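To keep things clear, I will list the structure first and then write my remarks on it.
Everything quoted here is computed from the prediction, not taken from an experiment.
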Amino acid sequence: MRGLILVAALGLTAACGNKNAAGTIQPGGQREFKRTQPVNAKAQQEFERAMRALRLGGEDRYEKAKERLKLALEADPKLWEAHHDLGIIAWREGEDDAAIAGFTKALEINKTHTPTLMARAEAHRRAGHKKDARSDYEAALRGTDEEDPNRRDAAARLASLLREGGDYEDAVTVLRDTVRLSGASSKIYTELGLIYTQQKRHELAQLVLQKAIELDAKDPGIYNALAILALRQGKAQEAFQLFDQAVKLDENFVDARFNKASVLLDAGDYERAKTELVAIVRKREDDYAAQVALGVAQRGLKDHDAAKKTWDRVVKEAPRRSPARADALFDLAMLKADFLSDPTGGKADLDRYLQEAPTGHSKRQAAEEKRKELK
């Protein structure tokens, strides 16, 4: 479940400066890098046009922005913000290698820029480059002073990476060192609570999550973590109440809804899962993971036409190399093969999945086995 991980801290910087959270592309803000030479006027003009394309939106906004950013770099190759923003756009399109390349070029110019290091770490992480991701998180930690709030964010993300790999002792050390040098934060304690939850140290998890509440009782991530703890203890009803509490604190905190829906899907309660997932999709039309899960709920309710339409939409609209698009391709194939008595169509869709899905996608082995069965 995606809610087991704290939200990624990705940002886009504008030439007139800014860093934003959670991968949202927006212009504006304050540049952190002091350039010895003024920005080339042509580069500045093209960069601003790129920002305008993003503000205006539309299906082709990324292509327009990329074109302008590349023109800006032709005029001023040292415009590191343009490299960073090309990385962010590539990230949004699911192209992790291109994202890493963009962030690397930005860092060659602005070597210690923490948001770029964090962004490259997230791209490495999603691409499965755990060692490189850890290296970037650690560099971000080294590059921030004790009072910089980015330090706590970097520590929490590094700890979550280590937790995913089962390196609990190192993860706890990172968090404790951060608390000692920079003080506590609700995110630090929340991540510590998730670590203890995975270790089945439930009393310790409860203790540190209560400390997180003392620091920020309005942080929905804490209640999401408490809900996960309750699930591990077999307290499903309490978990649902905590998920709901997280959503009440912040209607845009959809991870709690997604986690609740995932539990309901696992339990075969497709109607209630559908309700939660529809609420997510209404708020975030580009939440393709939620749309894939919605298709699963619709299939469970035997509304096969609706499931097919949902997954077709993900295949059409989601970034080409994204995990969600690969999931939708696989689910479409299985729908035809196992539910619609269309083995020929299922095999064709499996062929497409095997051609287009990332090589490391979790369903690849199952797809290869199913294809052999249909053949």
When you check the gap from the basic side-chain N to the acidic O, do [X] and [Y] get nearer than 4.0 Å?
X    : Y    : result
R352 : D349 : no
R49  : E46  : yes
K248 : D244 : no
E95  : R321 : no
R180 : D177 : yes
K187 : D153 : no
K370 : E373 : yes

Atom [atom1] of [X] and atom [atom2] of [Y]: how far apart are they, to the nearest 0.5 Å?
X    : Y    : atom1 : atom2 : value
I100 : L107 : CD1   : CG    : 12.0 Å
Y353 : R364 : OH    : CZ    : 5.5 Å
I188 : L215 : CD1   : CG    : 10.5 Å
L86  : K66  : CG    : NZ    : 8.0 Å
K336 : L350 : NZ    : CG    : 10.0 Å
I222 : L249 : CD1   : CG    : 9.0 Å

Practice task
Could you please spell out the steps behind the side chain to side chain contact (heavy atoms under 4.5 Å, CB included) verdict for W91 and E122?
Solution key: CA-CA 9 Å; W91 161 272; E122 296 298 331; 4.0 Å; yes
Practice task
Using the salt bridge (charged side-chain N to carboxylate O under 4.0 Å, His left out) rule, pick out the option among K309, K308, K316 that qualifies with D312.
Solution key: K308
Practice task
Please name the residue in the list D136, D97, D132 that meets the salt bridge (charged side-chain N to carboxylate O under 4.0 Å, His left out) test with R120.
Solution key: D136
Handout entry: Cation-pi check, K260 onto F240 ring (under 6.0 Å, within 45° of axis)
Key = yes
Verify the distance criterion only: is there a donor paired with an acceptor across the side chains of [X] and [Y] at less than 3.5 Å?
X    : Y    : answer
T197 : R232 : no
E93  : Y62  : no
E48  : Q44  : yes
Y137 : R125 : yes
D96  : H124 : no
R152 : T178 : no

Handout entry: Sub-6.0 Å ring centroid separation between H84 and F103
Key = yes
Exercise for the section: Could you go through the side chain to side chain contact (heavy atoms under 4.5 Å, CB included) check for F243 and L231 one step at a time? Expected result: CA-CA 11 Å; F243 284 138; L231 286 174; 4.0 Å; yes
Exercise for the section: Could you please spell out the steps behind the side chain to side chain contact (heavy atoms under 4.5 Å, CB included) verdict for E138 and L158? Expected result: CA-CA 7 Å; E138 290 173 342; L158 173 57; 3.8 Å; yes
Is any side-chain heavy atom of [X] closer than 4.5 Å to a side-chain heavy atom of [Y]?
X    : Y    : answer
L332 : V315 : yes
E203 : Y196 : no
F47  : D85  : yes
R163 : Y168 : yes

Problem - Set of side-chain hydrogen bond (donor to acceptor under 3.5 Å, both in side chains) partners for D170, sequence neighbours left out - result: none
